[in-house]
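Encoded as structure tokens, the structure appears first; notes follow it.
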Amino acid sequence: MARPIQIAPSVLPADFARLGDEVAALEEAGCDLIQWDVMDGNFVPNLTFGPDVIAAARRHTSLPFEAHLMVTDPDLMAARYIEAGCSRLIVHVEACQHLHRTLQNIASLGATAAVALNPSTPVAEVANVLDLVDLVLVMTVNPGFGGQAYIATMEPKIAEMRAMIDGAGLSDSIDLEVDGGISASTVAGAAGAGANLLIAGSALYRHPDGLAAAVTELRQLATEARVTDA
Ligand code: DX5
């Protein structure tokens, strides 16, 4: 049985001058966890959150934090992001010289390990590390910026990833996360293809009725899509 539907924010659109209040508001809005899009200006052409920024936000919410490490060398600062309060680290297949060892290292540091695939990267790249992760992230945009268009051609890949997880008997131990362009008009496609953890930034912050309404709407639409497509 696939894990339950979860809705999590990317805080990229948040007011960076008030991150403590912003994460408290995300918890209030019903988010299941908070994703920090960590970018190093090298793996992606953008620069965002260091561990000290995340540590400053940590005391303002009880929600779990995950760091989406869009960085060239995730081993370099993995320990710092865990010390800052991230209980899960997501590393990119494309950034790891030795992915298996990197994932083992994250677990040895006390966090849960997860792996992300850019749009052009086939799911076969993670076939041999599923035993080391509790989440696989299928990107539906090219990483680096929020507010991009959802790449719908990733839906067969999401379904392929879902089949690999289920085929390995890991449905109840691995989340299938999708990140990029998730909104009321795209969430059903992603959830219907097999995603159970949906990341949204723009769609949450731009919703006319506010964060809570946006979270509720995405959760409802994703749940309906999964039931319909089960
Ligand atoms: C890309 C980022 C974005 C962000 C979500 O590197 O990871 O996908 O989280 O942004 P929206 O929801 O605005 O597409």
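What you see is a predicted model; the values in this text were computed from it and never measured. Whatever order the structure lists ligands and atoms in, that order sets their numbers, starting from 1.
From the protein, the heavy atom lying nearest to atom 13 (O) of ligand 1 is Ser202 OG, 2.3 Å. When only non-hydrogen protein atoms are considered, atom 9 (O) of ligand 1 lies nearest to Asp37 OD2, 2.8 Å. From the protein, the heavy atom lying nearest to atom 5 (C) of ligand 1 is Asp179 OD1, 3.4 Å. If you check which protein heavy atom lies closest to atom 14 (O) of ligand 1, you get Gly181 N, 2.8 Å.
For Tyr150, no heavy-atom contact with ligand 1 is shorter than 4.0 Å. Here Val141 has side-chain heavy atoms under 4.0 Å from ligand 1, and that is the only part of it that gets that close.
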message = Leu26 vs Thr61, test: side chain to side chain contact (heavy atoms under 4.5 Å, CB included). Steps then yes/no.
response = CA-CA 9 Å; Leu26 288 164; Thr61 175; over 6 Å; no
Trace of the side chain to side chain contact (heavy atoms under 4.5 Å, CB included) decision for Ile90 with Glu177 = CA-CA 11 Å; Ile90 306 171; Glu177 180 173 297; 3.6 Å; yes
request  = Apply side-chain hydrogen bond (donor to acceptor under 3.5 Å, both in side chains) to Ser10 and Asp37, showing your working.
outcome  = CA-CA 7 Å; Ser10 158; Asp37 283 310; 2.6 Å; yes
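Taking the charged nitrogens against the carboxylate oxygens, Asp75 and Arg101 have no contact shorter than 4.0 Å, which rules out a salt bridge.
Those atoms of ligand 1 that come under 4.0 Å of a heavy atom in Pro143, given as number and element, are 1 (C), 6 (O). Counting the atoms of ligand 1 from 1 in the order shown, those under 4.0 Å from a heavy atom of Met39 are 6 (O). Residue Ser10 has at least one heavy-atom neighbour below 4.0 Å for each of these atoms of ligand 1: 4 (C), 5 (C), 9 (O). When each atom of ligand 1 is checked for a heavy atom of Ala200 under 4.0 Å away, the hits are 12 (O). Residue Met70 has at least one heavy-atom neighbour below 4.0 Å for each of these atoms of ligand 1: 6 (O).
In this pair, His92 and Phe43 present their aromatic rings tilted. The plane angle is within the 30 to 60° band.
Checking side-chain atoms of Gln35 against main-chain N and O of Ala8 turns up no donor-acceptor pair under 3.5 Å. Under the 3.5 Å distance criterion, the side-chain polar atoms of Glu94 are matched with a main-chain donor or acceptor of Asn118.
In terms of N/O distances under 3.5 Å, ligand 1 is not approached by Gly146.
Using a 3.5 Å distance cut-off with no hydrogens or angles, the side chains of Tyr205 and Glu22 do not pair a donor with an acceptor.
Considering Gly144, Ala8, Gly201, Gly180 only, the shortest heavy-atom separation from atom 12 (O) of ligand 1 involves Gly201. Summarising the contacts of atom 1 (C) of ligand 1 with Phe145, Trp36, Phe43, the nearest heavy atom is found in Phe145.
When the shell of 6.0 Å around CZ of Arg18 is examined, it contains more than 12 heavy atoms from other residues, nucleotides or ligands.
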